[in-house]
S.K.: 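Here's a structure for you.
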Amino acid sequence: MYIPWTLKYKPKTLSEVIGNRAAIEKILGWIREWNRGIPKRRALFLHGPPGVGKTVTIEALANDLDMELIESNASDYRTADAVRRIAGRASEYSTLFGKRRLILFDELDGITGSADRGGVRIITEVARKTRCPLVLIANNAYDPRFSTLRRHCLMVEFKKPSKTEIVRHLKRICIHEGIEAEESALRFIAERSGGDVRSAVNDLQALAQGKRRLTYEDVSWLAGRDRKEAIFNVLRMIFYAKDAETSRRAVNMADVDPDMLFEWIYENLPHQIKDPKELAATMDALSKADIYRKRVRTTQDWSLISYFLDLMTAGVTVSWSRRARGWTPFKFPDRIRTLSSGKGERAILSAIGMKIRRRCHISSVRAIKEVIPYLKVIFQNNPEMARGLARWLDLDDSMVRYLSEKD
Amino acid sequence: MSYEMWTEKYRPKTLDEIVNQREIVERLKSFVEAKNVPHCIFAGPPGTGKTTAALCLAHDLYGEGYREYIMELNASDERGINVVRETVKTFARTRSIGEVSFKILILDEADNMTADAQQALRRTMERYTETARFILIANYSGKIIEPIQSRCAPFRFTYLPREDIVERIRYICKNENVEILDDGIDAILEISEGDLRKTINILQAAASVGKPINAEVVYSVVGRANPYDVREMIIRAMNGDFIGARDKLREMILKYGLAGSDIIRQVHREIFRLNIPDRWKVKLADVIGEIDYRLIQGSSEEIQLSALLAKLTEAGHEIKRGL
């Protein structure tokens, strides 16, 4: 079964949380105040960039102090009624085993104006009156919507952990997974994550799972990849969007080159979509997208690019039933990797092809297809004949080695 | 056994040694007698003696030192217009010294030349007729532009008769001291489809195994020599293993440099040999035809061929359900 490493290696206790020691001390100080009664600031507002450990810290805190965590995040509706229901439940009843409670409202940025009408106002109200510790989490605490709320909260900022701290974390995972990783490879992943531990761990898993060794080579080809939004999220959006419009919008979220995004979609398509009919339909959408791409290139009319984008996003989304049967991880586009690793092999193939061409009156292209396969058989079977042929064709050592190697 | 490529060792050196393509050889001999050769197109399937005929013609015309009077170019390797402008022109315009007043330029796989290179070639052929004669070799003369065709004497090479190939196989085996069984010969013939070069390559690889050549040896050699097996790719797809089929496709394109058009042509051929209902063969021909067209319209051959593989996967699924 596939378990995301972000889950598998999530800190269980505060001591395992990466970096942010000062912030954690501040949180502990605040929770201790609750032991002595109701503190001046009843709510804690934890903010900071994505993937730095805000949520896991609160989970680890509850775990360490043996508190019951009552959680609501963006996937829940947060209308005024819903918020009141959770907050009310938390403060009015004691738990079955007498555990203390900790309320968490996560992903406050996700509260939308219309769907969660009144949500922020009621959260502010709860923050002022709550009788048990309340934690709020958001990326951007300085959103004007939170200005009143901020005044009633103890503000704690989570910062991006240092590169060294992330590398140390990745190293621990590698040891656990039995992967021998080059330091430079891990540094590269950490560097690229921009301080986002979650995405660093996701990248590591995508690149290294199932491998014995992870080298700098394995990861460096990612260098050109920019990210505003992790590419995996974008893929998830395209494959599992609820409608065509959402899927189209995903392109704008991805700060990747459309051609590159196309490769990602193409690579992952058969891994996500198993039904033969749907596979054929979605591949057909990609095939058409590719035709539009060619038209953009030949006409140099860039306005045509939207049809390319439509077909590769919405075209895929609507051509299948989008039933997620368990979570299949996204894969890095193999084609790009093979393209670069295939280069060395193609070079030697064409060098041998040229040698054959000199003696055999056929093109090197043809020699690669029609003669080299048989030469390989000969070189692997009959060293004597091979030596003679190598001399006759004037092959060098590396060519002989290539032909003698078993595939 | 000797240690060179048998395709070269057993390539006829003179027109007299060519046992096949009787009519063609007779006409070529008459050119030698007259010491005059027109521009020619040699068209026909692979491995039927086109290049050999051109080389033998040159040999008989110029004698043992014939290599000095000819130039061999291969359009698959040098297909651009610059080759015509530079290499071909330089060769064509220098006069030859000797009994024969012209040199011969052999342009192999000419059907792979780009259209503008062919246009440039047409002018060159006209201008330097006095000093150079061209022999264009192609599988399909239809891919040579009309104006060039009209300037050339056409020669159509045909598949060699089965018994001639069998005789050649036996001759080589005797010479090389290799034992071959009848079912081994049958297997080679089946796979090589009348292509003598392929026949001899398979034969040499089979001989390298060091056992008497029977069908089993032949199939194992061919199996190992054809990692870019289109049939295998089709079967994977139709058995529902789209990802496996796509891997195979990638290997063909990236590693072996196969052109999308080559692959799709082979897929088309294979479909009709599959053990599936006839009406599916026709349905699939329709799909292949559409994708073949998209290969030109689209920008990535792999994407287009993958779309075809997905269709095959779908077809395989439906055929199994008895649809």
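By convention in this document, chain letters (A, B, ...) are assigned in the order of the sequence lines, proteins followed by strands, and residues within each chain are numbered from 1.
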S.K.: Using a distance-only test with no angle check, is there a side-chain donor-acceptor pair under 3.5 angstrom linking R197(B) and T7(B)?
M.R.: no

S.K.: Checking heavy atoms, do the side chain of I202(B), its backbone, both or neither come under 4.5 Å from chain A?
M.R.: both

S.K.: Under the criterion side-chain contact (heavy atoms from CB on, under 4.5 Å), which of I70(B), L105(B), D108(B), L57(B) is the partner of I135(B)?
M.R.: L57(B)

S.K.: Is there side-chain contact between I352(A) and I372(A), with heavy atoms separated by less than 4.5 Å?
M.R.: yes

S.K.: Less than 4.5 Å apart, side chain to side chain, heavy atoms only: is that true for L196(B) and T48(B)?
M.R.: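 Answer no - side chains too far apart.
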
S.K.: With chain A as the partner, which of H317(B), R246(B), Q304(B), Q297(B) has the greatest number of non-hydrogen pairs under 4.5 Å?
M.R.: R246(B)

S.K.: Who wins among L308(B), T51(B), I243(B) for the most heavy-atom pairs under 4.5 Å with chain A?
M.R.: I243(B)

S.K.: With a 4.5 angstrom heavy-atom cut-off, which part of E109(B) approaches chain A: side chain, backbone, both or neither?
M.R.: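 For E109(B), the side chain is the part near chain A, not the backbone.
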
S.K.: Looking at chain A, which one of L55(B), T52(B), T313(B) has the largest number of heavy-atom pairs inside 4.5 Å, strictly under?
M.R.: L55(B)

S.K.: Of all of G316(B), G240(B), S299(B), which one pairs up most often with chain A through heavy atoms under 4.5 Å apart?
M.R.: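 Result: the option with the highest number of such pairs is S299(B).
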
S.K.: Considering only heavy atoms and a distance below 4.5 Å, find which of H361(A), K277(A), M354(A) pairs most often with chain B.
M.R.: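 Most heavy-atom pairs within the cutoff with chain B belong to H361(A).
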
S.K.: Which answer fits S306(B), side chain, backbone, both or neither, if we ask what part of it has an atom under 4.5 Å from a heavy atom of chain A?
M.R.: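 Backbone plus side chain of S306(B), per the 4.5 Å heavy-atom cut-off to chain A.
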
S.K.: Tell me, with the steps shown, if Y240(A) and W320(A) meet ring-ring contact (aromatic ring centres under 6.0 Å, His included).
M.R.: CA-CA 9 Å; Y240(A) 298 97; W320(A) 74 299; 5.5 Å; yes

S.K.: Give me the contact list for residues 295-310 of chain A versus chain B, heavy atoms only, anything under 4.5 Å, ordered by residue number.
M.R.: R295(A), R297(A)

S.K.: Passes side-chain contact (heavy atoms from CB on, under 4.5 Å), F379(A) versus V400(A)? Steps please.
M.R.: CA-CA 8 Å; F379(A) 273 66; V400(A) 172; 4.1 Å; yes

S.K.: Where does N201(B) contact chain A at under 4.5 Å (heavy atoms): side chain, backbone, both or neither?
M.R.: both

S.K.: Would you call K211(B) and E216(B) a side-chain contact if the rule is heavy atoms closer than 4.5 Å?
M.R.: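 Counting from C-beta outward, K211(B) and E216(B) never come under 4.5 Å.
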
S.K.: Under a plain distance cut-off of 3.5 Å, with no hydrogens placed, do S321(A) and E278(A) share a side-chain donor-acceptor pair?
M.R.: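 Result is yes, a qualifying pair exists.
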
S.K.: Please identify, among K288(A), R391(A), E384(A), R387(A), the residue contributing the most non-hydrogen atom pairs under 4.5 Å to chain B.
M.R.: E384(A)

S.K.: Examine whether an atom of I362(A) lies under 4.5 Å from a heavy atom of chain B, and if so say whether it belongs to the side chain, the backbone or both; otherwise answer neither.
M.R.: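 The answer is both parts of I362(A).
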
S.K.: Any side-chain heavy atom of Y266(A) within less than 4.5 Å of one from E302(B)?
M.R.: yes

S.K.: Show your working on salt bridge (charged side-chain N to carboxylate O under 4.0 Å, His left out) between E290(B) and R294(B) and close with a plain yes or no.
M.R.: CA-CA 6 Å; E290(B) 170 65 24; R294(B) 288 188 189 181; 2.9 Å; yes

S.K.: Looking at chain B, which one of C360(A), A390(A), G388(A), A386(A) has the largest number of heavy-atom pairs inside 4.5 Å, strictly under?
M.R.: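 Highest number of heavy-atom pairs under 4.5 Å: C360(A).
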
S.K.: Cut-off 3.5 Å, side chains only: do K320(B) and N239(B) have a donor facing an acceptor?
M.R.: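 Distance-only check passes for K320(B) and N239(B).
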
S.K.: Report yes if some heavy atom in the side chain of F262(A) is under 4.5 Å from a heavy atom in the side chain of I303(B); otherwise report no.
M.R.: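 The answer is yes, as the side chains (C-beta and beyond) meet within the 4.5 Å cut-off.
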
